[in-house]
2 protein chains.
Amino acid sequence: MSRRAAQRPQGLEGYDPQRYAKPSVTVDLLIFTVLAGELALLLIRRGVPPFKGSLALPGGFVDVGSTPEDQGEDLEAAARRELGEETGLTSELLDARRVHLEQLHTFGAPGRDPRMRVISVAYLALVPPDLIDHTRPGDDAAEARWRPLGEVMGGVEPLAFDHARIVEVGLARLRDRLDRSDVAACLVPPSFSAAELRAVFEAVQGHPLDAPNFRRHIRRLLGDGVIVPTGQTRTAGPRGGRPAALYRFDPGEGR
Amino acid sequence: MSRRAAQRPQGLEGYDPQRYAKPSVTVDLLIFTVLAGELALLLIRRGVPPFKGSLALPGGFVDVGSTPEDQGEDLEAAARRELGEETGLTSELLDARRVHLEQLHTFGAPGRDPRMRVISVAYLALVPPDLIDHTRPGDDAAEARWRPLGEVMGGVEPLAFDHARIVEVGLARLRDRLDRSDVAACLVPPSFSAAELRAVFEAVQGHPLDAPNFRRHIRRLLGDGVIVPTGQTRTAGPRGGRPAALYRFDPGEGR
DNA sequence: AAAATAGTGTCTGTCAGACAATATGTC
DNA sequence: GACATATTGTCTGACAGACACTATTTT
């Protein structure tokens with residue numbers, strides 16, 4: 001019980017911080033999309049130890065600068081930068097309200113990286129399927145690929161570090177968000193039918209939803225002005241069926 | 001756009017982490033209780049610059065060890081340690097399910113501490129009022145005192161660093177938690193009346209609640225076994241009134 | 001009896017799950 | 001017409017806000 005830290009008299013006060021060891025701080029990204037009606041996660045394959053050859057979340061160090069004047073980049077900026085690198089999305093697209101990015105949780109257990117103490121701030125990102133550039137699956141050397149969540153959680157290929165836990169936390173957060181905010185807009189193409197939006201909900205929640213009841217949800221979104229009809233329709237089934245009305249999320253007043 | 005970090009090829013791979021600057025990492029604590037029917041926050045007064053003399057959240061450095069074998073303490077362990085130091089609570093009391101502790105958010109904007117890059121992992125803690133040792137308001141030199149939230153948010157005495165923002169985020173989280181989990185148990189004494197529990201909800205939510213409707217909530221908690229009647233009653237008003245039945249949160253099966 | 005506090009019951013509106021029924025298209 | 005899909009409507013139960021009313025105690 002005689003930890004170094006416990007002997008200091010007071011938090012940040014009266015001490016030269018340079019005298020104390022510092023951890024490495026990284027940003028890990030949990031990038032979700034919906035592909036073929038299934039929730040999918042962007043994972044890389046590690047090329048170096050530890051966990052060489054294992055699947056892992058994309059991530060990288062946070063630029064913390066080197067002087068009190070240049071303290072580097074914000075955590076969210078680091079996450080956004082990594083997101084751009086891994087998905088190949090330009091910063092304009094990332095700013096265009098089509099991509100959701102929020103801080104998820106910070107993971108910092110000792111020993112989670114055997115090389116050194118690493119504290120990882122995990123971010124949850126949602127990318128609409130139409131923005132995925134299938135011709136450029138990875139930005140750099142590492143093989144970055146979309147993998148169905150079922151496959152990832154199946155445990156066939158265990159994830160590196162504590163990344164399996166991060167996925168769990170992220171999925172729980174995503175499920176919580178879906179009902180309580182407009183993040184679904186970041187998982188559908190700009191124009192979508194009720195059935196397509198329902199498919200997104202089903203993919204995230206992992207179980208089928210009653211179509212008529214979900215339409216009620218659509219009607220409420222319409223009434224609240226969250227989504228608006230485009231006026232167009234589209235036939236879904238290969239062998240016919242009534243065409244579905246199309247909607248889009250209201251871009252809002254500001255822009 | 002030529003950040004150091006952006007030039008590295010890949011996240012954690014293929015690099016000697018020692019070559020890169022590291023931030024200081026601290027844990028900041030948002031410790032709430034309910035005092036005299038009002039939500040209160042434990043704050044210290046800073047004794048050294050920057051923000052000398054200002055009110056601030058208690059916090060401290062995370063022990064990150066010094067070798068790959070000794071990587072120091074977990075983030076939550078650091079938070080729990082600080083919590084014990086600031087409140088004077090023993091670790092047994094902290095483990096006794098009477099104190100709630102959860103990670104809130106990580107704040108790491110460059111410049112939030114003018115001296116150096118500091119990344120703070122904020123934790124939300126809830127301490128039941130009966131556990132507060134009024135005879136020992138502070139553990140060490142710094143003046144640690146409970147302050148009504150209204151006073152803190154009033155802006156009369158601005159908080160140090162970005163701590164005002166942390167308080168905002170924490171209050172929002174607390175309000176969200178109150179309805180969706182049993183954290184209220186950590187804001188009432190072991191035995192309480194319906195009116196006392198209601199007062200806690202009112203203090204957190206910041207507006208009065210309808211007493212009869214809140215009783216319905218109590219009945220549901222009873223039905224779900226979340227709380228149980230103690231069998232005792234207590235008279236509240238100084239000039240009479242019907243005595244109130246007392247309840248306690250069910251300690252649960254496990255223990 | 002009066003005052004104060006605790007507790008019950010009712011009415012109303014919102015929302016979700018289950019599911020019957022109707023509408024509109026393709027083959 | 002058969003089939004597939006979209007859409008509407010209905011019934012029911014859970015829950016919240018407003019509020020009238022009853023119950024039990026002290027003074």
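- Protein atom CZ of R242(B) is 7 Å distant from nucleotide atom P of dT25(D), rounded to whole Å.
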Working for ring-ring contact (aromatic ring centres under 6.0 Å, His included), residues F192(A) and F249(A):
CA-CA 9 Å; F192(A) 54 89; F249(A) 277 86; 5.3 Å; yes
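- Shown for residues 204-241 of chain A: residues whose heavy atoms fall under 4.0 angstrom of DNA chain C, namely D210(A), P212(A), N213(A), R216(A), R220(A), P238(A), G240(A), G241(A).
- V152(A) approaches R147(A) most closely through the heavy-atom pair CG2-CB, 3.9 Å.
- Using a 4.5 Å heavy-atom threshold, the side chains of R81(B) and S91(B) count as separate.
- Going from atom CZ of R198(A) over to atom P of dA16(C) covers 16 Å, rounded to whole Å.
- Counting to the nearest Å, the C1' atom of dA6(D) and the CZ atom of F192(A) are 16 Å from each other.
- Between R234(A) and P243(A) the shortest side-chain heavy-atom distance does not fall below 4.5 Å.
- Contact record, L187(A) with V127(A): CD2-O, 4.2 Å, taken as the closest heavy-atom pair.
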